[in-house]
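If you're wondering where the values come from, they're calculated on a predicted model, not measured in any experiment. One-based numbering, in listed order, for ligands and for the atoms of each.
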Amino acid sequence: VSPTLRRAGPDDLAAIARVDSRGFGFHHDPVDIDDLRPLFEPGRYLLATEDGPDGEEIIGVAGSYSFAVTLPGGTVFPTQGVTWVSVPATHRRRGVLRAMMTAQLTGFAEEGVALSLLTASDAAIYGRYGYGPASQERTVEVDRRYARFRTDAPDPGGVRYAEPDRARAHAPEVHRRWAAATPGAVARDGRWWDAAFHDRERHRGGGSALFHLVHPDGYASYRVHPGDVCKVVDLFAATAGAHAALWRVLLGLDLVSTVRTFACPLDDPLPLLLEDPRLVRTVGLRDGVWARVVDVPATLAARRYAVEVDAVLEVADPLLAAGGRFRLRGGPDGAECAPTTRPAQARTDIAALGSVVFGAHRWRTLAAAGRVDAAGPVPGRLDAAFAPERDPRHGTHF
Ligand SMILES: CC(C)(COP(=O)(O)OP(=O)(O)OC[C@H]1O[C@@H](n2cnc3c(N)ncnc32)[C@H](O)[C@@H]1OP(=O)(O)O)[C@@H](O)C(=O)NCCC(=O)NCCS
């Protein structure tokens, strides 16, 4: 039986938070709820409900945030960031998630949302709905006691500590410039910056309050945790100089032994700034953001391509019937993509398309995994065109 679905109203936030806390094992207190309220767009939340002994009971939640995301080549593209997905343990495996995901994606298609994103707590769930892993992020640890910068590494300086109000005023502009140059980057509006600066004690994981570092072209925040560990919370650099300057300060924290950062892209230049690149130890590597192409021609026409491409792609999308055969013609300055009856050069599924949209994964790798069916040189040619200017990074957990 399919569950009853309805849109949330403004008064549903506390009940939604209760469902979420049961799914993720974390209680939200009243301060959390107040902090979350500005980000809560009730109409963007689908609730699955049933009649319980005390009236309506919420048995599933799936929401989304309205974001803008940067595509390769710099196009800023509207998207929905799917979030707050949970079904209580008492109601699992009855098709509640499937009903919510199907309704949510159908709604996106109807309102013209061409691309949706999410971050997955479990990587085995969302592929069936057409989401593919679309960036990779790694957790990196540096034993800073041994870290020496190369003698020829840039040392531009210019970093200052800032109190939260000054850092809050500075960070958004730097982040905007960082995001404009970073495929997959999710824009943060004022509400997201407020959320980043709430810095409530119970969300510090035992660490200090945030320390903020500002540079004319960069921003970083970190906490110091027991055991002399510095955990970098945010680090955005709009220039290579700001990146080097911020890292020089972080690796210069004398009483800290380990500097740990999450969400470090694979092409981060930090190892190459050091005399011993191995000190930048990758201690975790996983999918970052996931992408679901809802409108194939709109999404593929919006991004730019590293070299000229002219290819017919056939994309299977049984869930939304948004697939078909499309001719993509594009290059560094623009692209167009439209349905065609010409023969396809590559056949793939919609989730695989999500994995190439920001250039995180390669057509050749997907072909080797049996996810792309294309003759000889085609995947390689597509890789040359889909290559991003730098590794994608979304930069904000949601
Ligand atoms: C994950 C969760 C949302 C699944 O909800 P559900 O209502 O039980 O899912 P459904 O019954 O609709 O199942 C949908 C499909 O996903 C599969 N599935 C569900 N949970 C899965 C899991 N944890 N791992 C792998 N597959 C899973 C089901 O087998 C089913 O597959 P099928 O339709 O292809 O046969 C729910 O278990 C939950 O809330 N877990 C805790 C919070 C969480 O992890 N949320 C996701 C955060 S990003």
Side-chain angles (χ1 to χ4, degrees), residues 1-6 8 12-28 32 36 39-41 44-52 56-67 69 79-108 115-137 184 186 195 203 262-263 284 286-292 294 316-321 323 349-352 354-355 360 370-371 394-398:
V1 276
S2 27
T4 306
L5 297 180
R6 70 166 173 89
D12 286 318
L13 181 57
I16 291 173
R18 265 196 302 279
V19 174
D20 184 77
S21 66
R22 292 167 188 163
F24 292 94
F26 178 88
H27 285 290
H28 299 275
D32 294 334
L36 289 163
L39 293 168
F40 176 57
E41 296 170 40
R44 295 239 157 257
Y45 285 66
L46 271 175
L47 307 183
T49 65
E50 69 174 23
D51 289 332
E56 184 196 64
E57 208 170 305
I58 299 176
I59 57 163
V61 177
S64 67
Y65 296 118
S66 303
F67 283 132
V69 67
T79 185
Q80 289 293 312
V82 171
T83 184
W84 287 71
V85 176
S86 67
V87 174
T90 47
H91 290 75
R92 289 186 327 154
R93 309 300 182 264
R94 298 182 194 176
V96 176
L97 177 68
R98 174 164 285 276
M100 294 191 300
M101 286 284 120
T102 306
Q104 188 183 50
L105 283 168
T106 307
F108 289 164
L115 180 70
S116 74
L117 305 177
L118 56 77
T119 53
S121 57
D122 190 315
I125 300 173
Y126 295 102
R128 58 173 61 72
Y129 308 119
Y131 287 89
S135 71
Q136 285 183 289
E137 54 189 29
V186 167
H203 296 294
F262 308 89
R286 58 179 262 178
D287 46 278
V289 78
W290 291 56
R292 206 294 179 193
V294 178
D317 183 8
L319 188 77
L320 280 188
D349 62 87
I350 195 77
S355 288
R371 300 281 301 278
H394 66 297
T396 297
H397 271 280
F398 59 88

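- Summarising the geometry, atom CD belonging to Glu137 is positioned 8.0 Å from atom CG belonging to Asp287; distances are rounded to the nearest 0.5 Å.
- Taking distance alone, with nitrogen or oxygen atoms compared against 3.5 Å, Gly23 stays at or beyond that limit from ligand 1.
- The N/O atoms of Phe24, backbone and side chain alike, include none that comes under 3.5 Å of an N/O atom in ligand 1.
- With rounding to the nearest 0.5 Å, the separation of OG1 in Thr396 from CG in Leu117 is 11.5 Å.
- Between Ala120 and ligand 1, a contact under 3.5 Å exists for no N or O pair.
- An N or O contact shorter than 3.5 Å is missing between Thr119 and ligand 1 by distance.
- With a heavy-atom cut-off of 4.0 Å, Asp122 touches ligand 1 through its side chain alone.
- Residues Glu57 and Thr49 bring no donor and acceptor atom of their side chains to less than 3.5 Å of each other.
- The N/O atoms of His91, backbone and side chain alike, include none that comes under 3.5 Å of an N/O atom in ligand 1.
- At least one N or O atom of Arg93 sits closer than 3.5 Å to an N or O atom of ligand 1.
- Counted by atom type alone, Gln104 and Ser64 present zero donor-acceptor pairs between their side chains at under 3.5 Å.
- Not a single N or O atom of Ile125, backbone or side chain, sits closer than 3.5 Å to an N or O atom of ligand 1.
- For a threshold of 3.5 Å applied to N or O pairs, the pair formed by Ser86 and ligand 1 contains no separation below that value.
- Contacts between Trp290 and ligand 1 below 4.0 angstrom, taking non-hydrogen atoms only, are absent altogether.
- The distance from ligand 1 to the heavy atoms of Arg98 drops below 4.0 Å at these ligand atoms: 12 (O), 33 (O), 34 (O).
- Aromatic ring pairs are classed by plane angle as parallel below 30°, tilted from 30° to 60° and perpendicular above 60°; the pair Phe67 and Tyr65 is tilted.
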